[in-house]
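Counting convention: from 1, in listed order, for ligands and their atoms alike.
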Amino acid sequence: MTILWDGDPAAAETYHFAVSDRIEVFGAARTVTRALATNPDELLVIVGPDVGLQAASSFAEQIRIERPEVSVILLRRRLEVAVLAQALRAGFREVIASDDLTSLSSACQRSLEISRHLAGIAGGGAPVVDGKVVMVFNAKGGCGKTTIATNLGAYMASTGARVLLVDLDLAFGDVAISLQLRPAASVGDLVAMSGHLDAQGLASVVTRHDSGLHTVCAPSQPRDADGIPGTTVAEMLRVARRFYDFVVVDTPPAFSEHVLVALDMCDLLVLIATLDIPAVKNLRLTLDTLDQLGHPRDGRIVILNRSDAKVGLNTEDVVAAIKLPIAAMVPSSPHVPASVNRGVPIILDEPKHPVSQALRAFAEKHILNASALSNPESAGSGDPMGGDGGSPEPSTHRRLFRRGAKL
Ligand SMILES: Nc1ncnc2c1ncn2[C@@H]1O[C@H](COP(=O)(O)OP(=O)(O)O)[C@@H](O)[C@H]1O
Ligand SMILES: [Mg+2]
C-alpha cells in the first residue's frame, strides 16, 4: 500500500499508473500519521498538489524525525524554485509536477529503494519501533562491565537479533579494543548531527563486528569526550532503539552526565557485582543513588562476576548487602582476558566454557526470552553456538521483554 495525502478521495485513480501499488487516500496529516503508525512497514507517502505547502512541510519535518526511513514525495502543480528550496529543507525526498506521471513513477521507485535501505540499516527487515536499552553498569572500574556488555551483545547478535553496542565510557572506552575493531567513526562524530540525527547518520558511525554485532565506539582520544553533550547521547539512543532490537550500553565507572541520560532511557539495568568489600560497598551506594534518582527498582538485575573467587566473601554476603538476588554467576577464568586478546568474545569462541554458559543462560532468560511478546514465526535457529549452555529454548529476537516488566 502507498499512502496518498489528498483532499480528493478519487485522487488514487489519477496516480494509479505511476504507483505500482494499491493507493490509499487520507484527507489530513493526522490520519496519515495514524496510518503510518498502524502500518510500520509503510515506506512511502505522496502529498497531493492541493495540500498547503506549510502543512505539508510540517508533516515532512515530523516524519523525518519520527520515521526517518519513510519517503515523502511532494506533488505540486507548478515547480517553483522557492517551493523546491522549502521542500528540501523540510525533508521531502522529491518534488514532482503533479501531471508528470513518468517522473512520479521513477521518483517512487528511487525513494522506495532509499527507504528500504534505511529500514534495513540494522541488518534487514522493517525498523523495530520499540527496541530495548540494556545498560551494564557499576560505579567501579575493572569489575567486568565491558567484558559482560561485549559478550552479551555478541551472543544476542549471533542469534539473529539486531543489536547495537554503544560505548558510553567516552574517555576510556574499551569496546573497540576488546573486539579488535578499528572504528572509522565514534560517538564524537554524532555531535555535528545533533538535532537532526537520522538512521543514515547513525549508520555512518557504526562499526561492525564479525558476530553481526554493530557498535558505536568511544572516541580514540579521551579529551574528545568532553565535547559530547548528553543531548547527543539521548538522541543517539532514541534513534538506535528504532532500528535495533537491543541497544546494549557499556558505561564508565561513574554517574557521568551520559550515564544519567542512558539511565533515563534504559529498560534493563544490569549491575555487576564482585566478591570484594569495596565493590559491594560501591554497589550498595550505586543502588542508593539509583533510588534517589527515581530509577525503577524492578528494572535492575545483578550479575556476580568472578563468582568463584576465594576472597572471604560469599554470595550470601553480597545478597545481604545489596538486598537483591543474583541472576547469574560468572566464574573467573584466564580464558576471559585471553579471548579479549584474540578480539573474539569468549561466548562465541568457547561456547561450552562455564563463563559462556552463564552469560548465555542470562541473555536467554533475562533479555531474549523475558517477554510475553514472543513471536514464534520469527523464531531463530536455536542455539547457534551448538552448545548446551543452559539455553532452554531457541532464541528469537522478537521475544523482547516488556518495558518495566517484573524481572
Ligand atoms: N570472569 C572473568 N574472569 C577473568 N577475567 C575477567 C573476568 N571478567 C573480566 N575479566 C578481566 O578483568 C579486566 C577488567 O574487565 P572489564 O570488563 O574491562 O571491566 P570494566 O569494564 O568494568 O572496567 C579485563 O582484563 C577482563 O578481561
Ligand atoms: Mg570498561
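- Between the side chains of Ser178 and Thr150, no donor N or O sits under 3.5 Å from an acceptor N or O.
- Around atom CD of Gln180, more than 12 heavy atoms belonging to other residues, nucleotides or ligands sit under 6.0 Å away.
- Inter-residue side-chain proximity for Leu263 and Leu269 is flagged as met; some heavy-atom pair is nearer than 4.5 Å.
- In summary, of the residues considered (Asp169, Thr251, Asp174, Asp250), a side chain to side chain donor-acceptor pair (under 3.5 Å) with Thr146 occurs for Asp250 alone.
- Listed as neighbours of ligand 1 are Gly141, Gly142, Cys143, Gly144, Lys145, Thr146, Thr147, Asn305, Arg306, Pro331, Ser332, Ser333, Val336, Pro337, each bearing a heavy atom under 4.0 Å from the ligand.
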Open item on the list: Quick one, Arg93 with Ser115, criterion side chain to side chain contact (heavy atoms under 4.5 Å, CB included). Give me CA distance, side-chain angles, the key distance, then yes/no.
Closed with: CA-CA 10 Å; Arg93 197 83 74 204; Ser115 289; 3.6 Å; yes
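- Remark: Glu257 pairs with no residue by the salt bridge (charged side-chain N to carboxylate O under 4.0 Å, His left out) rule, at least two apart or across chains.
- Separation of the Phe255 and Phe137 ring centroids falls under the 6.0 Å cut-off.
- The count of protein N, O or S atoms under 2.8 Å from the Mg ion (ligand 2) stands at 1, with waters excluded from the count.
- Aromatic ring pairs are classed by plane angle as parallel below 30°, tilted from 30° to 60° and perpendicular above 60°; the pair His335 and His353 is tilted.
- Residues meeting the salt bridge (charged side-chain N to carboxylate O under 4.0 Å, His left out) test with Arg22, sequence neighbours left out: Glu24.
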